[in-house]
Trainee: 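Structure below; questions to follow.
Chain A is the first sequence line, chain B the second, and so forth, proteins listed ahead of strands; every chain is numbered from 1. Given the structure is predicted, the values throughout are model-derived calculations rather than measurements.
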Protein chains: 2
Amino acid sequence: MAVMSEPAASSRTRTGVPRGRARASHSIDAVIAGAVEILDESGAQGLTTRALAARLGGGPASIYWYVSGREELLDLAADSVLASVLTAVSGVGDSDDSDPIACARMIAVALFDAIVDRPWLGAYAMRNTAQQIHSLQLYEKLGQQVMRLGLSPRNCFHATSAIVGFVIGTAADMGQQLPVEVASGQMGREEYLAGAVTQWRALDPLQYPFVHHVVDEFAGHDDRDQFRAGLDLLLDGLRLSAGRR
Amino acid sequence: MAVMSEPAASSRTRTGVPRGRARASHSIDAVIAGAVEILDESGAQGLTTRALAARLGGGPASIYWYVSGREELLDLAADSVLASVLTAVSGVGDSDDSDPIACARMIAVALFDAIVDRPWLGAYAMRNTAQQIHSLQLYEKLGQQVMRLGLSPRNCFHATSAIVGFVIGTAADMGQQLPVEVASGQMGREEYLAGAVTQWRALDPLQYPFVHHVVDEFAGHDDRDQFRAGLDLLLDGLRLSAGRR
DNA sequence: ACCTGAACACCGTTCAAGT
DNA sequence: ACCTGAACACCGTTCAAGT
């Protein structure tokens with residue numbers, strides 16, 4: 001029963017009873033850590049019950065003692081990885097004279113970058129607060145910055161949800177483009193992009209003026225830049241609405 | 001070989017040779033229409049090769065003559081449904097004195113509403129312009145409105161991508177919350193929401209001030225309202241940046 | 001050109017039985 | 001309390017063979 005991997009962020013026993021001297025149930029963490037390893041190597045598609053069991057050195061049924069099924073496993077794996085995002089932004093917003101919007105921006109960027117690094121995260125991060133404690137805490141942390149703008153609860157809720165939606169949505173979209181090719185490593189991002197560019201250039205300029213207008217930007221674009229530009233639009237709008245209050 | 005369904009938007013033959021009198025290859029359209037029916041009834045999970053073949057009255061292998069695999073089938077099904085969005089916004093932006101941002105807003109809302117009606121759309125709409133002609137045309141149409149703001153190609157590209165990312169991301173997130181329950185109809189949206197609300201209220205208010213601040217809004221929120229509020233923030237930011245040019 | 005039957009190589013999940 | 005082996009009920013895809 002080979003257990004590699006650093007321990008995952010949260011340690012809990014199946015019964016929920018906290019152990020005396022942090023001896024840690026050890027196995028739910030090993031399951032999640034193994035899942036993360038597989039996800040990093042071969043994406044969500046590669047995370048099968050049998051592959052995980054093989055890595056853990058057991059039978060495929062053993063996993064079901066720790067987790068209700070594959071969906072919960074994915075949720076937990078995604079959330080476990082967000083612990084590092086949380087610590088990365090732990091100091092953000094602590095001082096009262098920090099700019100709330102700049103703070104919100106830092107949190108959003110940190111979350112986005114984590115998803116870019118692990119494309120499989122996009123589909124499972126921040127989607128089930130009942131199971132995902134770090135997701136909830138990131139949501140809370142982001143919301144606290146927005147709260148400082150003095151908006152109504154309703155506007156506060158809307159703004160925070162908008163930021164999360166934009167981050168997750170954009171990141172998920174960017175991480176999903178190459179479904180099989182990226183996992184199998186047959187085709188790089190550049191080839192895929194180049195293919196789309198050739199297709200775009202071949203379109204009728206009269207019918208697709210916009211596509212032709214931006215095709216050069218598309219050809220040389222960087223996902224992170226694109227994300228930040230969009231995020232800044234959103235945050236500019238938020239700042240405006242905070243000033244209007 | 002029962003063929004129900006209105007004809008899908010694009011009619012093409014396998015060879016790509018256009019038929020003389022729109023006699024339509026008929027079968028690729030039937031395959032896509034059947035796929036859409038299944039997707040509407042039971043979601044992406046329900047669309048299996050065998051289920052589709054059964055509905056079409058043939059063997060599971062027959063589908064592979066029209067489509068390279070399940071992924072392409074999903075792409076085509078998603079895109080076929082966007083034809084109606086495209087016609088719904090066909091007149092938008094035709095007059096030169098229309099407000100570009102109001103026009104962009106209408107397109108974004110129409111797209112969002114389509115995804116709310118068909119949650120399975122979220123994961124497959126607007127993600128592969130090579131295969132999805134209506135997605136490309138919607139992107140173009142939206143981009144044309146942004147173009148009218150007189151931004152640089154780069155800002156134009158960023159703004160349009162941001163809007164699409166926000167729409168798809170938010171819609172996909174909202175449509176995915178109830179993974180199995182919604183398909184099997186065991187639990188309504190209200191029960192699910194109520195569960196999250198009770199969990200939120202049980203959190204420590206000192207640790208989760210934001211969650212407590214917005215929990216009432218969350219409890220009674222409408223997805224469409226929430227989306228529109230976020231979209232308006234984004235568009236406000238865009239208008240600001242257009243004014244600054 | 002289009003479709004079939006049957007098979008291949010997998011899946012997630014369950015469940016009796018073990019320790 | 002935790003794990004195993006083996007099975008169940010599926011999957012997507014391929015491929016020879018038909019028409």
Trainee: Which nucleotide wins on minimum distance to the side chain of B:Ala61, given the candidates C:dC3, C:dT4, C:dC15?
Mentor: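 My answer, after comparing the listed nucleotides, is C:dT4.
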Trainee: With P as the reference atom in both, quote the distance from C:dC2 to D:dA17 in angstrom, rounded to an integer.
Mentor: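 My reading of the P atoms in C:dC2 and D:dA17 gives 22 Å.
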Trainee: Does this structure show an ion pair linking B:Asp173 with A:Arg127, if we count only N-O contacts that are shorter than 4.0 Å?
Mentor: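 Result for this pair is no, no salt bridge flagged.
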Trainee: Whole angstroms only, please: what is the CZ-P distance between B:Arg70 and D:dG12?
Mentor: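 So the CZ-P distance, B:Arg70 to D:dG12, works out to 6 Å.
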Trainee: Mind checking B:Leu52 for me? I need base, sugar-phosphate or nothing, with any heavy atom below 4.0 Å counting as a touch.
Mentor: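 No contact.
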Trainee: Using atom CD of A:Glu71 as one end and atom C1' of C:dC11 as the other, report the distance to the nearest whole Å.
Mentor: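 Rounded to the whole Å, the gap is 14 Å.
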Trainee: Calculate the interatomic distance between A:Trp65 atom CH2 and D:dC2 atom P; express it in whole Å.
Mentor: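 A:Trp65 atom CH2 is separated from D:dC2 atom P by 3 Å.
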Trainee: Contact class for B:Ser62 vs. all strands (heavy atom < 4.0 Å): base, sugar-phosphate, or nothing?
Mentor: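 Base contact.
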Trainee: So, B:Gln132 side chain and B:Asp75 main chain: donor-acceptor pair closer than 3.5 Å or not?
Mentor: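 Yes, the answer is positive, given that a donor and an acceptor are paired below the 3.5 Å cut-off.
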Trainee: Using whole Å, what does the distance between atom C1' of nucleotide D:dC15 and atom OH of B:Tyr64 come to?
Mentor: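 Result: 13 Å.
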Trainee: Measure from CD1 on A:Ile38 to P on C:dG12 and round the result to the nearest Å.
Mentor: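 Distance check: A:Ile38 CD1 to C:dG12 P gives 10 Å.
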Trainee: CD1/A:Ile38 to CZ/A:Arg55 distance, rounded to the nearest 0.5 angstrom?
Mentor: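 The CZ atom of A:Arg55 is 4.5 Å from CD1 of A:Ile38, to the nearest 0.5 Å.
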Trainee: Do the ring planes of A:Phe218 and B:Phe157 sit parallel (below 30°), tilted (30 to 60°) or perpendicular (above 60°)?
Mentor: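 A:Phe218 vs B:Phe157 ring planes: perpendicular.
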Trainee: Between the side chains of A:Glu71 and A:Tyr124, is a donor N or O closer than 3.5 angstrom to an acceptor N or O?
Mentor: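 Their side chains do not contain a donor-acceptor pair, so the 3.5 Å distance test is not met.
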Trainee: In whole angstrom, give the distance that lies between atom CD of B:Gln45 and atom C1' of C:dG12.
Mentor: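 The distance from CD of B:Gln45 to C1' of C:dG12 comes to 11 Å, rounded to the nearest Å.
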Trainee: Quick one: CZ on A:Phe166 to CG on B:Leu234, what's the gap to the nearest 0.5 Å?
Mentor: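 So the CZ of A:Phe166 and the CG of B:Leu234 are separated by 6.5 Å.
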Trainee: Quickly work out the A:Arg50 CZ to C:dA9 C1' distance and round it to whole Å.
Mentor: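 Rounded to whole Å, this separation is 11 Å.
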Trainee: Specify whether A:Phe210 and B:Tyr139 have parallel, tilted or perpendicular ring planes, treating 30° as the upper limit for parallel and 60° as the lower limit for perpendicular.
Mentor: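 Geometry flag for B:Tyr139 against A:Phe210: perpendicular rings.
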Trainee: For DNA chain D, whose closest nucleotide is more 5', that of A:Gly59 or that of B:Gly69?
Mentor: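 By nearest-heavy-atom nucleotide position, the 5'-most residue is A:Gly59.
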Trainee: Over how many whole Å does the gap from A:Ile63 atom CD1 to D:dT4 atom C1' extend?
Mentor: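 Distance check: A:Ile63 CD1 to D:dT4 C1' gives 13 Å.
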Trainee: The side chain of B:Thr48 lies closest to which of these nucleotides: D:dT13, D:dC3, D:dC11?
Mentor: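 Ranking D:dT13, D:dC3, D:dC11 by closest atom to the B:Thr48 side chain puts D:dC11 first.
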Trainee: Kindly express the pairing pattern of DNA chain D in dot-bracket notation, using | wherever a base pairs with another strand and counting only Watson-Crick or G-U pairs under 3.5 Å.
Mentor: ||.|||||...|||||.||
